[in-house]
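This report concerns only the one structure given below.
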Amino acid sequence: MQYSSQAVAKPYFIAAIGLFVGQILFGLIMGLQYVVGDFLFPAIPFNIARMVHTNLLIVWVLFGFMGAAYYLIPEEAEKELHSPLLAIVLFWTFLIAGVLTILGYLLMSYAKLAAFTGNSFLPTMGREFLEQPTITKIGIVIVALGFIYNVGMTVLQGRKTVVNLVLMTGLIGLAVMFLFSFYNPSNLVLDKYYWWWVVHLWVEGVWELILGSILAFVLIKITGVDREVIEKWLYVIIAMALITGIIGTGHHYYWIGTPEYWQWWGSVFSALEPLPFFLMTVFAFNMVNRRRREHPNKAATLWALGTAVMAFLGAGVWGFLHTLAPINYYTHGTQITAAHGHMAFYGAYVMIVLTIISYAMPLLRGRAANSNKAQVLEMWSFWLMSIAMVFITLFLTAAGILQVYLQRATDTPLAFMAVQEKVALFYWLRETAGLVFFIGLVIYLISFFVTGEQKLAVPAGATAMN
Amino acid sequence: MTQTIQEPFQVPGYTLAVLAESLYLINLLLLPGLTFIILLWLYVKHENHSPPLASCHLRQTLVASVWAGLLLILINGIIIAMGGYKAPYTWVIAILYFTTCHSLLVLLGILGLAKAMAGKLFRYPLIGPVELR
């Protein structure tokens, strides 16, 4: 760790991991509810479990992004963070607001929560992924503004690199796009149209900039390849991400009441969306092949390469699988979407946060890398979670293909719930894979507490092997 | 004494190696068949008298492309022929098989391209010929 203020990243990473555990637990509960419908009913109904599962994911990934920014921006800017105190105040604000919101979901009915939090004054609740009470949304905006001010001032007063400028662009984009969650028109088509400006333009737009910059930062550190080479790759990747991703929003506009031309625009541009992920994979492997040093943190290298591969598969391949309008006509809203969502989120955003945590946490704890024993355990968790996620995706895809056939493609279509019974085997298999994922996560947690011979701490201004 | 680091593109055969890997990927992703013919033509023209890096990547990509054709067309044909066009599980197996197999072949191509761009030799796991030299 080169700057003492980078230490503010640590609580963000710890909170991210804690909420990650919560997300997976609710995923397991929900996975079981698919096949045992009254499991934990009425304490935790399916719709609540789903809301907690997806909201926790968003919140912990945001904690991870903020931790990543607090860690890498001072190092890139070559100066201390503008205000470490503000970072800590915002951390507690965000954590308390997040936990209270989740408790609100669990302890009272959603309607009562809406009334209790004054949703009627500015109604924004009741929409998938944006279920948070309006007051929580306002809190998120305040935290985001304070955060962007803090890291923005650090960049403005320090060295401007491509990595921190791309990261800043992504973070500002994240905050700006979230503002559309306050626009809640009564016209359902219009509502959905702008709802995607938050959801799609986050995950297939500005978040890709955040992903690219964090990956570039870690690769610079662990490979020792010239910054100029990595920065050129980063430019090309983010250009492709924005060129394809912005108009690619059209793949959500096929069947919501928008004009038909979106079927062409959406199909053509989103068919190109795998390109940035393809380039990212070539980039990551090329940089590791050209490395000029053997970094002692092997686990971070594995996470970085894994991020590129899994993002390419989940976001690229599984996205392409159902993105063309004539195919999406049949697959829309089936388990194929769920398969894509799981692997894309894990590959692109879960893994990039775990990559920066893997790289930065040992440094935040005063060593260049964890002991071999801890790293071996961490790599086990990598393989267990990643392979489990591959199987979750495959089982959900199988369920989705069967669902499409029985419910939509055949001459004698079955009703939704009749089809759900037919695909139950795949839900059981998915739940089993989910349990393996959870075991991987537990091993990941244990790896933080394993001691052994540790690599020496890196002196300020030096790199690990120099 | 100063030590100069050789850049990957300075390795003899670099361009041809990158071209071979790119053609392998284009054959899988964009223009199947036509790109394979170009790769075959490059192989026939250059394989015997090009630097080790280029001949290795030409040989590997050509054999891997043949395997890719067999794995993707032949096996899928067998799945559909055996299961029947109208059986739902035929489609479950065929789509899962094609997507997984195609993705793995593309990933191997990405690894090959990354190796070529780093000026290094590469052998496609399982489907690539063993390099004797």
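Here is the naming used below: chain letters follow the sequence lines, and residue numbers restart at 1 for every chain. Computed from a predicted structure; not experimentally measured.
There is no contact between B/A94 and chain A, counting heavy-atom distances below 4.5 Å. For chain B, the nearby part of A/F312 is the side chain; its heavy atoms alone come within less than 4.5 Å. For A/D411, the part lying under 4.5 angstrom from a heavy atom of chain B is the side chain only. With a 4.5 angstrom heavy-atom cutoff, B/P8 touches chain A only via side-chain atoms. Contacts of A/V317 with chain B are made by side-chain atoms alone, with heavy-atom separations under 4.5 Å and no backbone atom involved. When heavy atoms are compared at a cutoff of 4.5 Å, A/L313 approaches chain B solely by way of its side chain, counted from C-beta outward. For B/K120, the part sitting under 4.5 Å from any heavy atom of chain A is the side chain, from C-beta outward, and nothing else. When heavy atoms are compared at a cutoff of 4.5 Å, B/L29 approaches chain A solely by way of its side chain, counted from C-beta outward.
A distance of 9.0 Å separates CG in B/L121 from CD in B/Q60, rounded to the nearest 0.5 Å. Rounded to the nearest 0.5 Å, atoms OH (B/Y14) and CE (B/M117) are 5.0 Å apart.
The aromatic rings of A/H340 and A/H322 lie perpendicular to each other, with more than 60° between the two planes, well past the 30° mark. Taking the six-membered ring for Trp and thresholds of 30 and 60 degrees, A/F391 and A/F395 have ring planes inclined between 30 and 60 degrees apart.
Salt-bridge check for B/E7 with A/R292: passed, with a basic side-chain N closer than 4.0 Å to an acidic carboxylate O.
B/Y124 and B/Y24 have their aromatic ring centers within a separation under 6.0 angstrom.
Between chain A and the options B/L113, B/L107, B/T100, heavy-atom pairs under 4.5 Å are most frequent for B/L107.
Both the sub-6.0 Å distance and the 45° axial angle are satisfied by A/R430 relative to the ring of A/Y34.
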